[in-house]
Amino acid sequence: MDNRTTNEKASSLRWKILRRALLSRSSPPHPGNLISSSEMQKCFYSCTFLFLSFFFADEQSQMITKSISRRTGHGFNLILSHVIADSSSSTRDARVCYTLPIPGAPQLFLTQRVDNRADLSDFEICNRYNIDNTGLVCNWPSEDVLAHYCLSHADIFRSKKVIELGSGYGLAGFAIAAATEASEVVISDGNPQVVDYTQRNIEANSGAFGNTVVKSMTLHWNQEDTSNIADSFDIIIASDCTFFKDFHRDLARIVKHLLSKAGSSEAIFLSPKRGNSLDLFLEVAKENSLHFSVMENYDEEVWKRHKGFLNEDRDSWPSYDKGHSYPLLIRITL
């Protein structure tokens, strides 16, 4: 790789990769397939990662991809998982077994998308509902850390009503449902495709939840009619949901709307700083009269792996960057 490529900003390189990926799939233009610049930005991470390995086999592109990708194959690897061969699955889906790090806890079997599988319909749905598509890509590193953190503090969920916002495949929500004796767990997302996966996975793992009631829910943070779930939840959880600045006000509003006013209730977020995105969200939270604390070193094992990625273990996550990869713990109360 020459110096010009090396010195180019990572953001510019990502946009070039996205452009090449979309052009390589292009067919004669059709109005129904057009994606505006704003929707393209919201779907950026998901479609970039989905197209990367399929389209760029040349050495230089692989080097660029490795140096700028924020995604990793294993993340913090706190919840062990492996793919199960399943002939009944579609070619774009995989069945993944997650082993929870608690003695006696059941394994979870979640169906999710295989890497490098995307349809234009995925992005059309993004446009239609004004949502991002990242929840379909994978279980992101922050979700892995959130699941680990919740299992490490299982006692706070016992007999509580819990909702996960922007869940993606909902590993944290499923882990809470399977191992903490929560009274109810709602796993929500704004993407109807994601919610469909969640409902299928609830049905497939129904024997793992004991007496915990588990539900899927399509929930848009800006939707008006939420009176049926207002003031309902003891605990809200979310991972990496503060990245898109356009959604900050709606996210703060829905948190305030959903938290129970009776007794102690709180939202537990795990989010990287991602430039100034997290700071801007916290400003909006303050404007909405929400109280919060931010903690950097909140778990010994997570901190140990974070330090390793920065130092001796860099090869396992070459693009690891504290600001974009390490999730901070944010606890929010009314």
Side-chain angles (χ1 to χ4, degrees), residues 102 105 142-143 145-168 170-190 195 198-199 202 206 208-242 247-271 278 281-295 298-299 327-334:
I102 293 180
S142 292
E143 181 76 4
V145 176
L146 178 61
H148 167 82
Y149 180 84
C150 292
L151 293 175
S152 300
H153 299 81
D155 55 308
I156 70 174
F157 298 97
R158 189 169 295 114
S159 302
K160 302 294 187 180
K161 291 185 66 175
V162 182
I163 185 169
E164 180 168 11
L165 300 179
S167 65
L171 177 60
F174 278 106
I176 292 170
T180 71
E181 298 180 9
S183 63
E184 181 179 320
V185 177
V186 177
I187 303 173
S188 74
D189 200 278
V195 176
T198 299
Q199 183 56 42
I202 289 173
S206 58
F209 305 137
N211 295 322
T212 300
V213 177
V214 187
K215 303 175 183 178
S216 63
M217 178 182 291
T218 301
L219 179 63
H220 300 285
W221 300 339
N222 64 347
Q223 71 187 57
E224 297 297 330
D225 184 17
T226 55
S227 57
N228 60 320
I229 55 172
D231 191 19
S232 295
F233 295 97
D234 302 298
I235 301 176
I236 296 172
I237 62 167
S239 67
D240 214 348
C241 282
T242 63
F247 300 153
H248 283 174
R249 294 199 177 278
D250 292 329
L251 177 57
R253 184 196 69 86
I254 200 71
V255 167
K256 187 174 183 178
H257 191 62
L258 296 180
L259 282 178
S260 173
K261 309 299 187 296
S264 59
S265 61
E266 68 172 334
I268 299 172
F269 281 21
L270 278 164
S271 293
L278 177 58
F281 169 73
L282 294 176
E283 288 180 12
V284 173
K286 187 175 181 180
E287 291 171 6
N288 280 267
S289 302
L290 293 169
H291 306 280
F292 57 84
S293 64
V294 180
M295 187 176 296
Y298 49 85
D299 182 274
L328 302 176
L329 171 67
I330 303 98
R331 302 185 80 150
I332 303 172
T333 58
L334 296 173

### Message
Between Val213 and Lys215, does the side-chain contact (heavy atoms from CB on, under 4.5 Å) criterion hold? Intermediate values first, please.
### Response
CA-CA 7 Å; Val213 177; Lys215 303 175 183 178; 3.8 Å; yes

### Query
Given Phe247 and Cys241, is the side-chain contact (heavy atoms from CB on, under 4.5 Å) satisfied, shown in steps?
CA-CA 9 Å; Phe247 300 153; Cys241 282; over 6 Å; no

### Query
After noting the C-alpha distance and the side-chain angles of Val162 and Glu184, does the key distance pass the side-chain contact (heavy atoms from CB on, under 4.5 Å) rule?
CA-CA 6 Å; Val162 182; Glu184 181 179 320; over 6 Å; no

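Distance check, rounded to the nearest 0.5 Å: CD1 of Ile332 to CG of Leu259 gives 8.5 Å. The line from CD1 of Ile268 to CG of Leu146 is 8.0 Å long, rounded to the nearest 0.5 Å. Taking CD of Glu181 as the start and CG of Asp155 as the end, the distance is 11.0 Å to the nearest 0.5 Å. The NZ atom of Lys161 sits 13.0 Å away from atom OG1 of Thr212, with the distance rounded to the nearest 0.5 Å. Within the model, atoms OH of Tyr298 and OH of Tyr149 stand 9.0 Å from one another, a figure rounded to the nearest 0.5 Å. Taking CD1 of Ile235 as the reference point, atom CZ of Phe157 lies at 4.5 Å (rounded to 0.5 Å).
Judged by distance alone, the side chain of Arg331 and the main-chain N or O of Phe292 form no donor-acceptor pair under 3.5 Å. Side chain of Asp234 to main chain of Lys160: no donor-acceptor pair is present (N/O by atom type, distance under 3.5 Å, no hydrogens or angles). A donor-acceptor pair under 3.5 Å links the side-chain atoms of Ser167 to the main chain of Ser188, judged by distance alone. With Asp231 contributing its side chain and Lys261 its backbone, the two residues share a donor-acceptor pair below 3.5 Å. In terms of modelled atom types and a separation under 3.5 Å, the side chain of Asn222 and the main chain of Asp250 share no donor-acceptor contact. For Ser232 (side chain) and Ala230 (main-chain N/O), a donor-acceptor pair under 3.5 Å exists by modelled atom type.
Across all non-hydrogen atoms, the minimal contact from Arg253 to Gln223 is NH2-O, 3.1 Å. Closest approach of Phe209 to Ile202, counting heavy atoms only: CE1-O, 3.7 Å. Smallest separation of non-hydrogen atoms from Gly190 and Thr218: O-CG2, 4.2 Å. Closest approach of Leu151 to Ala179, counting heavy atoms only: CD2-CB, 3.7 Å. The minimum heavy-atom distance linking Leu171 with Glu143 is given by the pair N-OE2, 3.1 Å. Across every non-hydrogen atom of Ser260 and Ser265, the tightest pair is O-OG, 2.7 Å.
No side-chain heavy atom of Cys150 sits less than 4.5 Å from a side-chain heavy atom of Thr180. Looking only at side-chain heavy atoms (C-beta outward), Ile237 and Ile176 come within less than 4.5 Å of each other. Counting heavy atoms from C-beta on, the side chains of Ile254 and Ile163 never come closer than 4.5 Å. Residues Thr333 and Leu290 have side chains not in contact (no heavy-atom distance under 4.5 Å, counting atoms from C-beta outward). The side-chain heavy atoms of Glu164 and Val186, taken from C-beta on, include no pair separated by under 4.5 Å. Side-chain contact between Val255 and Leu165: present, with at least one pair of heavy atoms (C-beta onward) separated by less than 4.5 Å. Considering only heavy atoms from C-beta on, Ser216 stays 4.5 Å or farther from Ile187 through its side chain. The shortest distance between side-chain heavy atoms of Ile236 and Glu266 does not fall below 4.5 Å.
Checking each of Val294, Leu328, Ile330, Leu329 against Phe269 for a side-chain contact (heavy atoms from CB on, under 4.5 Å) leaves exactly one that passes, namely Ile330. With Pro327 as the fixed residue, the side-chain contact (heavy atoms from CB on, under 4.5 Å) test singles out one of Leu278, Asp240, Val145: Val145.
Applying the side-chain hydrogen bond (donor to acceptor under 3.5 Å, both in side chains) test to every pair with at least one member in residues 286-295, sequence neighbours left out, gives these pairs: Arg249-Glu287.
Residues satisfying the ring pair (Phe, Tyr, Trp, His ring centres under 6.0 Å) criterion with His248, sequence neighbours excluded, are Phe281.
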